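Note sheet for the following structure.
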Amino acid sequence: QVQLVESGGGLVQAGGSLRLSCAARGSTLSITAMNWYRHAPGRERELVATITNGGSTTYADSVKGRFTISRDNAKNTVFLQMNSLKPEDTALYYCNAAMRIATPPYKLNTYWGQGTQVTVSS
């Protein structure tokens, strides 16, 4: 069974840092772009950052200069380094990726992690 498993969330004071990880587990042939989303109560889900399998990155304006997305293709893992955290960064953070499974019919499916909570206190 293919799944995305996140870790690294927690409670941090404003100005602090956290590093989120998301590992793809199971038999996959390939993984396309990997993404981090966040969803805060009362707000729409937001695409925070994207990294392609070639390493190109894009960021939401709200996190540019503070967050860095990276990936380890050998370990099928994506990271989100979050610095200078603000209370408005408080949200449930999800990773997302399209992965082609390694068993017939080798379907390309979109997967979501279970989410990891990030809480930033003022």
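Because the structure is a prediction, the values reported are computed rather than measured. Quick note: residue numbers are just sequence positions, from 1.
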Identify the two heavy atoms, one from [X] and one from [Y], that lie closest to each other, and give their separation to 0.1 Å.
X: A97; Y: M34; result: CB-CG, 4.0 Å
X: N73; Y: N53; result: ND2-O, 3.5 Å
X: S122; Y: P87; result: CB-CG, 3.8 Å
X: H39; Y: Y94; result: CB-CE1, 4.2 Å
X: R66; Y: S84; result: NH1-O, 3.0 Å

* Output the distance between atom CG (D61) and atom CD (E46), rounded to the nearest 0.5 Å. => 9.0 Å
* Asked: Roughly how far apart are N96 CG and L47 CG, rounded to 0.5 Å?
  -> 8.5 Å
* Start with the C-alpha distance between L29 and I101, add both sets of side-chain angles, then the distance that settles side-chain contact (heavy atoms from CB on, under 4.5 Å), and finish with yes or no. => CA-CA 6 Å; L29 287 177; I101 61 175; over 6 Å; no
[X] versus [Y]: any side-chain heavy-atom pair under 4.5 Å?
X: T116; Y: L20; result: yes
X: T90; Y: E88; result: no
X: M82; Y: Y93; result: yes
X: N76; Y: T28; result: yes
X: Y111; Y: V2; result: yes

* Steps toward side-chain contact (heavy atoms from CB on, under 4.5 Å) verdict (V78, I51) -> CA-CA 8 Å; V78 63; I51 185 167; 3.9 Å; yes
* Verify, without hydrogens or angle tests, whether T52 (side chain) and G54 (backbone) share a donor-acceptor contact under 3.5 angstrom. => yes
* Give a yes or no on whether the backbone of Q114 and the side-chain of E6 come within a donor-acceptor separation of less than 3.5 Å. => yes
Going hydrophobic residue to hydrophobic residue with side-chain gaps under 4.5 angstrom, can you get from [X] over to [Y]?
X: V118; Y: L80; result: yes
X: L11; Y: L92; result: no
X: M99; Y: V5; result: no
X: L18; Y: Y37; result: no

* Asked: Given I69 and T50, is the side-chain contact (heavy atoms from CB on, under 4.5 Å) satisfied, shown in steps?
  -> CA-CA 7 Å; I69 189 171; T50 295; 5.5 Å; no
* Inspect the contact between D89 and K86 and indicate whether a charged nitrogen and a carboxylate oxygen are less than 4.0 angstrom apart. => no
* **Check against side-chain hydrogen bond (donor to acceptor under 3.5 Å, both in side chains), T77 and D72** => CA-CA 5 Å; T77 300; D72 183 337; over 6 Å; no
* Where do S17 and Q81 land on the side-chain contact (heavy atoms from CB on, under 4.5 Å) test, with the steps shown first? -> CA-CA 7 Å; S17 299; Q81 177 66 44; 4.0 Å; yes
* To do: Determine, step by step, whether R38 and S62 satisfy the side-chain hydrogen bond (donor to acceptor under 3.5 Å, both in side chains) criterion, reporting the C-alpha distance in whole Å, the side-chain angles of both residues, the deciding distance to 0.1 Å, and the verdict.
  => CA-CA 12 Å; R38 66 185 180 185; S62 57; 3.3 Å; yes
* Asked: Centres of the W36 and F67 rings: under 6.0 Å?
  -> no
* Asked: Within 45° of the six-membered ring axis of F79 and under 6.0 Å from that ring's centre, is NZ or CZ of R71 located there?
  -> no
